[in-house]
Amino acid sequence: MIELRGVSKTVMSGDRPLTILHPLDFTIASGEFVAIVGPSGSGKSTLLGLLAGLDAPSTGSIIVDGVDITTLTEDGLARLRGEKIGFVFQFFHLVPSLTAFENVLIPMEIARRRNPTARARQLLGEVGLADRGHHYPSQLSGGEQQRVAIARALANDPPIVLADEPTGNLDSTTGRAVMDLLLNVRRTRETTLVLVTHDAELAAHADTRLVLRDGRPVPESPAKAGA
Ligand code: ADP
Ligand code: MG
């Protein structure tokens, strides 16, 4: 379970403080699929980065499985991410100098997991890229790179998957396939999934939608719900 209590983020914009996320209370149950939606600049990525412990909130606490992650050191946060969180980015963020196989291997090597090579092979199979492991990111299409990134995110069997507009840089057909993969992963592995998306149809599949506008949650407009 993830619990946000009074979580906000204020940054300095020039010489003035700018609040990009106003105090937010929100609870995500284990296994829940939450879609975060809202216009560009509404604070979606900021919120996801806070959930992942990639960034620290200005106020409030973020409790992941009973641990307030805002009290953790950098090392503690890195360990938390390694064990509990898989992150999928809009622009894939693969290491360009490593093959697909090696990219999937990295998190397992950091976690000193046993049999990482067999597992990397299995994960690449799971995302439909069994025969592309030796390819470098530049030799793969956007959709294939995102599949590798999903395999990498799943490497240590995280109970929580966070995805920031994972299809935002893909054409609609490829995006659909990547989304189907993520939803399938969520079903079969029973992970918690927090997905930032612009896709209303996709958001409609979520158990819960969090709509942000100017850094604040807003009620869903009834006309759009379920659209
Ligand atoms: P979204 O993902 O919904 O498009 P973001 O969370 O990326 O929105 O950003 C929310 C707002 O905060 C935007 O206006 C963005 O420009 C601003 N912002 C984000 N990070 C910073 C920062 N480090 N410094 C100043 N402004 C920021
Ligand atoms: Mg964003």
Side-chain angles (χ1 to χ4, degrees), residues 2-28 32-62 64 69-70 72 74 77-78 81 85-94 142-143 145-146 149-150 152-153 158 160-172 174-176 178-179 181-183 186 192-221 224-225 227:
I2 305 171
E3 206 181 335
L4 300 167
R5 292 191 197 143
V7 171
S8 75
K9 183 73 184 181
T10 299
V11 297
M12 290 307 289
S13 172
D15 54 1
R16 295 200 326 195
L18 173 71
T19 297
I20 56 182
L21 192 67
H22 294 268
L24 175 70
D25 296 303
F26 194 69
T27 302
I28 302 169
E32 190 173 356
F33 171 15
V34 176
I36 302 176
V37 295
S40 177
S42 57
K44 306 182 298 294
S45 295
T46 300
L47 176 57
L48 211 62
L50 295 174
L51 285 177
L54 291 168
D55 194 10
S58 305
T59 65
S61 38
I62 301 171
V64 178
I69 69 168
T70 64
L72 297 178
E74 278 305 317
L77 282 171
R81 283 195 296 271
I85 294 170
F87 206 106
V88 181
F89 301 88
Q90 179 174 353
F91 296 101
F92 328 131
H93 279 303
L94 298 175
Q145 289 183 63
Q146 195 60 300
I150 291 170
R152 176 182 61 181
I160 301 165
V161 175
L162 306 178
D164 193 353
E165 305 199 41
T167 63
N169 200 39
L170 303 174
D171 65 72
S172 60
T174 310
R176 188 74 252 166
V178 162
M179 226 29 254
L181 174 63
L182 263 181
L183 294 181
R186 185 242 165 182
T192 303
L193 174 62
V194 184
L195 171 76
V196 170
T197 181
H198 271 119
D199 184 337
E201 188 196 337
L202 191 59
H205 287 293
D207 300 317
T208 311
R209 278 158 296 283
L210 174 61
V211 186
L212 291 179
R213 190 174 294 269
D214 297 331
R216 288 188 173 88
V218 293
E220 276 184 85
S221 75
K224 277 192 182 159

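Order of appearance sets the numbers: ligands from 1, and atoms from 1 within every ligand.
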Under the 3.5 angstrom rule, does the side chain of [X] hit a backbone N or O of [Y] as a donor-acceptor pair?
{"X": "D164", "Y": "Q90", "value": "no"}
{"X": "S58", "Y": "T10", "value": "yes"}
{"X": "T19", "Y": "S8", "value": "no"}
{"X": "K9", "Y": "P23", "value": "no"}
{"X": "R209", "Y": "V34", "value": "no"}

Practice task
Enumerate the atoms of ligand 1 whose separation from the nearest heavy atom of T46 is less than 4.0 angstrom.
Solution key: 5 (P), 6 (O), 9 (O)
Completion exercise
Numbered in order shown, the ligand 1 atoms found under 4.0 Å of a heavy atom of S42 are 1 (P), 3 (O), 8 (O)
Completion exercise
In this structure, atom 26 (N) of ligand 1 is nearest to the protein heavy atom V11 CG2, 3.7 Å
Handout entry: Protein heavy-atom partner closest to atom 7 (O) of ligand 1 - residue, atom, separation in Å
Key = S45 CB, 3.7 Å
Problem - Any protein heavy atom nearer than 4.0 Å to atom 15 (C) of ligand 1 - result: no
Handout entry: Heavy-atom nearest option to atom 3 (O) of ligand 1, drawn from E165, R213, K44
Key = K44
Exercise for the section: Compare every heavy atom of I69 with every heavy atom of L77, then report the nearest pair and how far apart it is. Expected result: CD2-O, 3.6 Å
Practice task
Taking all heavy atoms of V37 and all of K44, pick out the closest pair and write down the distance.
Solution key: C-CD, 3.7 Å
Close approach of [X] to ligand 1, heavy atoms, under 4.0 angstrom:
{"X": "G215", "answer": "no"}
{"X": "S40", "answer": "yes"}
{"X": "G38", "answer": "no"}

Exercise for the section: Report yes if some N/O of G43 lies less than 3.5 Å from some N/O of ligand 1; otherwise report no. Expected result: yes
Practice task
Could you say whether the N/O atoms of G41 and ligand 1 ever approach to under 3.5 Å?
Solution key: yes
Problem - Contact check: S40 to the Mg ion (ligand 2), N/O/S below 2.8 Å - result: no
Handout entry: ligand 1 contact on I20 by region, counting heavy-atom pairs under 4.0 Å
Key = side chain
Problem - Side chain, backbone, both or neither: the part of P39 lying under 4.0 Å from ligand 1 by heavy atom - result: backbone
Practice task
Please check if atom CZ in R216 has more than 12 non-hydrogen atoms from other residues, nucleotides or ligands closer than 6.0 Å.
Solution key: no
Practice task
Using only heavy-atom distances, determine whether the side chains of E165 and T197 contain a donor-acceptor pair under 3.5 Å.
Solution key: no
